[in-house]
Amino acid sequence: MASEKLREKEKFNMWWQEPVTKLKGIGPKKALEFENINVVTIGDLLNHFPRQGCYLDYSHVKTIDELTTDGSMQLFRGSIVRLNNRRSMRNMKYATITVGDGTGFAEIVLFGAQTYMTRVYHTGDEVFVIGKVGLGRTAKSVTAASLSHVKDEKAEAPGILPTYALSGSLTQNNVRSAVRQALALARKELPECLPAPLLRAKHFLPRLEALENIHFPKSQELLEKARQRFIFEELFFLQCGLLHHRVEIKRDSRGIKMARSGKLVDRVRSQLGFALTDSQKKAWQEIDDDMQSPEPMNRLVQGDVGSGKTALAMLALAKAVENGYQGCLMAPTEILAEQHYQEMQKVLEPAGIRTALLTGGLTAKRRREVLEGLADGSIQAVVGTYALIQDAVVFHSLALAITDEQHRFGVAQRAKLQDKSQYAPHVLIMTATPIPRTLALTVYGDLDVSLMKGMPPGRKPVQTLCYTEEKRAAVYKGLIHQVQEGHQAYVVCPLIEESEGVDARAASDLYDELTHGYLKGIPCGLLHGRLKPEEKDAVMESFARNETKVLITTTVVEVGVNVPNATLMIIEGADRFGLAQMHQLRGRVGRGSAQSYCVLLTSSTNPVTLERLQIMRNCSDGFLLAEKDLELRGAGQFFGLRQHGLSDLYIADILRDTDTLVEARKAAQWAMNDPQIAREVEQAAATTQFDGRFERIFNA
Ligand code: ADP
Ligand code: MG
């Protein structure tokens with residue numbers, strides 16, 4: 001019966017790594033129920049904190065005259081004055097127990113348990129009662145009650161009781177009893193995991209006390225202190241892990257120190273055809289410095305759509321080539337790779353740099369040529385899709401790896417790249433996804449960040465409008481008007497779910513509807529993730545050449561695509577999209593000199609939804625929109641931490657605990673700067689943490 005996961009855990013030997021079946025009352029069947037709430041080991045159980053606010057406060061024993069009839073569960077104490085077994089009019093058996101305490105009487109009604117009750121309880125017994133209180137005829141009536149004997153005169157109230165997330169037939173008492181046993185084990189042996197100086201300076205509860213109070217709080221104050229400690233602890237280990245990762249990268253001795261930029265970089269710079277903006281200059285300075293350092297670069301360039309990140313990539317590639325190495329640029333889609341390739345041909349080739357494109361769409365012959373060129377070094381700069389880091393690709397001397405949009409070099413990809421090179425390549429990541437500052441600390445804590453503010457000159461802001469369904473005909477009339485003026489348009493179809501297949505079908509349906517309806521007679525193209533690379537290229541090329549006037553598309557068009565003649569974007573079902581995502585989409589228009597428009601169409605009449613869409617009208621700052629998304633939809637919605645190889649947080653909430661996050665970051669910097677403490681922390685992550693997830697971050 002024991003599951004795969006369970007058996008795997010049986011190999012370990014610290015008590016918190018033992019399966020919960022070691023506890024009394026948990027057999028294989030119960031263990032499966034625990035597994036459903038992600039509790040496999042005793043450590044998992046101790047990490048299964050009650051959610052905030054999910055405690056029953058029985059710390060105060062009321063007198064009977066203090067009991068209120070507000071429907072809440074309350075605790076009081078008294079002695080039994082009468083016990084009765086009864087039958088209701090429908091012949092249901094029940095028992096009543098009347099309790100008095102000198103301030104009044106309460107009648108406790110117990111269904112289906114009368115013989116048991118009258119065996120265990122007797123008149124004159126002192127009892128604690130927890131239950132819901134109502135008004136009775138002669139006494140207060142108590143339902144949903146549980147009783148327990150007052151064992152001795154000094155007996156205390158049950159205190160504050162946790163309520164846990166449950167599954168199947170698990171009861172609160174099952175989990176509480178299991179947690180009590182686990183806490184008893186912890187009392188015998190529980191190593192501290194926070195560095196002692198930190199514990200002292202921050203006045204945190206010791207680990208054991210914190211653990212006891214997060215489950216069975218002795219008071220509300222201690223519960224709060226326990227929470228504070230665990231929130232800090234979680235964020236502290238996360239930050240230490242990220243800093244550790246960062247230090248490891250910097251320490252890699254196979255980094256390449258490049259020379260100051262010279263003629264080739266200058267030539268490419270003049271080949272760009274424009275002067276760099278101030279923020280491009282600043283970002284380039286930072287990249288240039290990084291590449292001239294023996295430590296491998298690990299930098300993120302964050303700049304809004306259209307802020308001009310590609311130019312930075314071209315300069316960095318030129319610098320790698322100038323120093324006798326190869327550079328690669330990885331794009332998330334073939335279309336984007338194609339566009340970058342065109343830019344390379346325009347900017348790098350004339351400066352004498354040999355470039356190539358590597359995508360899945362190449363012919364076998366061309367692909368072989370490119371692979372050979374990369375292996376013998378005759379190709380100096382290459383752009384491609386994910387195909388670039390596949391096994392067949394071998395570089396002669398790769399010194400720079402750039403990724404554009406979406407992708408982030410995870411640890412595994414970095415390792416793969418390094419296998420392709422005898423060096424530790426400089427890594428540059430370019431993204432238009434605006435990560436709010438607080439999230440950036442968590443997600444990009446191991447990267448240096450260059451922020452690009454502002455836009456290249458001569459850009460007209462896109463005018464954004466929001467309409468409900470009944471204006472749909474008028475909106476498409478507007479589209480036809482734009483086409484008659486010689487312009488082009490995008491129609492983005494509603495986001496159905498995170499599935500290419502479903503989205504592709506939705507896009508095809510919309511295409512059929514529009515080409516037979518509003519857009520009859522107008523050349524339209526259809527773009528979605530299920531098309532073959534050649535098909536996608538054909539669609540895009542036809543749109544870029546202004547042969548198709550309207551591109552009906554899924555979000556695959558989100559990143560990077562550049563057709564300056566497109567002046568209108570209609571987003572259907574706009575309520576389905578995140579603000580930041582719509583902002584990315586909107587970045588596809590407004591790339592030329594004509595005034596551009598973005599129309600958000602929605603069938604929703606929900607005022608909250610409409611208000612959210614209105615934000616798009618007045619705001620063209622991607623960062624601000626991302627912050628709003630975060631506020632409105634929560635961090636999980638906005639950005640899966642898991643996507644970045646970080647596990648979800650147990651107790652900390654990045655939005656709520658921002659201050660603690662900043663504190664934890666500072667503490668982590670202090671800890672990782674002290675070799676002795678850094679070692680301790682790393683050790684603690686590997687040995688004392690119940691679930692080992694921080695160990696994974698350290699070893700990543
Ligand atoms: P993104 O940051 O979204 O990748 P791109 O690099 O594609 O932006 O740049 C958007 C457009 O702006 C391109 O057409 C590019 O040629 C142009 N551009 C970039 N930098 C400048 C600049 N300094 N001056 C004028 N135009 C620029
Ligand atoms: Mg770009």
Side-chain angles (χ1 to χ4, degrees), residues 265-266 268-287 299-318 328-348 350 357 381 383-385 402-408 428-435 449-462 488 490 540 543-544 555-567 569 580-594 596 598 620-623 625-626:
V265 173
D266 278 349
V268 168
R269 195 162 165 161
S270 59
Q271 203 61 41
L272 285 170
F274 46 71
L276 296 183
T277 63
D278 285 347
S279 55
Q280 278 170 323
K281 273 187 205 148
K282 184 160 171 288
W284 170 239
Q285 186 67 57
E286 287 163 343
I287 295 165
R299 179 169 294 276
L300 174 82
V301 177
Q302 207 175 22
D304 218 336
V305 267
S307 60
K309 295 182 292 294
T310 318
L312 300 174
M314 296 301 145
L315 292 173
L317 289 169
C328 72
L329 168 56
M330 199 159 86
T333 63
E334 306 229 345
I335 295 168
L336 209 55
E338 288 269 4
Q339 286 202 345
H340 282 322
Y341 184 53
Q342 282 165 18
E343 187 71 10
M344 280 184 167
Q345 286 176 306
K346 198 182 102 203
V347 176
L348 299 185
L357 172 71
V383 58
T385 51
I402 309 174
T403 57
D404 191 20
E405 315 287 356
Q406 282 163 12
H407 288 301
R408 149 146 215 227
L428 182 64
I429 300 156
M430 306 192 297
T431 181
T433 309
I435 312 272
V449 178
S450 296
L451 260 181
M452 300 231 295
K453 286 255 158 89
M455 290 284 152
R459 245 335 126 80
K460 282 194 192 144
V462 178
Q488 290 165 278
Y490 296 97
M540 265 329 283
F543 189 63
T555 51
V556 295
V557 80
E558 190 174 322
V559 277
V561 173
N562 191 18
V563 178
N565 190 43
T567 52
M569 171 172 281
Q581 192 177 20
M582 282 193 278
H583 180 66
Q584 305 270 306
L585 287 165
R586 180 168 66 179
R588 300 308 107 223
V589 293
R591 304 202 138 222
S593 50
S596 292
C598 178
S620 60
D621 179 332
F623 278 87
L625 290 171

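Order of appearance sets the numbers: ligands from 1, and atoms from 1 within every ligand.
Nearest heavy-atom pair, Leu312 versus Ala283, reported as atom, atom and distance to 0.1 Å: CD1-CB, 3.8 Å. Lys309 and Val301 make their closest contact through CD-O, 4.1 Å (heavy atoms, listed as atom of the first residue, atom of the second, distance). Listed here is the closest heavy atom pair of Ser596 and Gly590: OG-N, 3.0 Å.
No heavy atom of Gly303 sits closer than 4.0 Å to any atom of ligand 1.
One finds the CD atom of Gln285 at 11.0 Å from the CG atom of Leu276 (value rounded to the nearest 0.5 Å). Atom CD1 in Ile287 sits 4.5 Å away from atom CG in Leu428 (nearest 0.5 Å). Taking CE from Met540 and CD from Gln339, the interatomic distance works out to 6.0 Å, rounded to the nearest 0.5 Å. Rounding to the nearest 0.5 Å places CZ of Arg588 at 14.5 Å from CD of Gln488.
Taking any N or O of Pro457, backbone or side chain, none lies under 3.5 Å from an N or O belonging to ligand 1. The distance criterion of under 3.5 Å between nitrogen or oxygen atoms is not met by Ala311 with respect to ligand 1.
For ligand 1, the atoms lying closer than 4.0 Å to a non-hydrogen atom of Thr310 are 4 (O), 5 (P), 6 (O), 7 (O). Close contacts of ligand 1 with Ala275, meaning ligand atoms under 4.0 Å from a residue heavy atom, involve 22 (C), 23 (N), 24 (N). The Thr277 neighbourhood of ligand 1 comprises atoms 23 (N), with distances under 4.0 Å to a heavy atom of that residue. Below 4.0 Å from some heavy atom of Ser307 lie the following atoms of ligand 1, by number and element: 2 (O), 8 (O).
At a heavy-atom distance under 4.0 Å, only side-chain atoms of Gln280, from C-beta outward, approach ligand 1. Looking at Pro564 against ligand 1, nothing comes within 4.0 Å, counting heavy atoms.
Heavy-atom proximity to atom 9 (O) of ligand 1, evaluated over Gly587, Gly308, Pro456, is greatest for Gly308.
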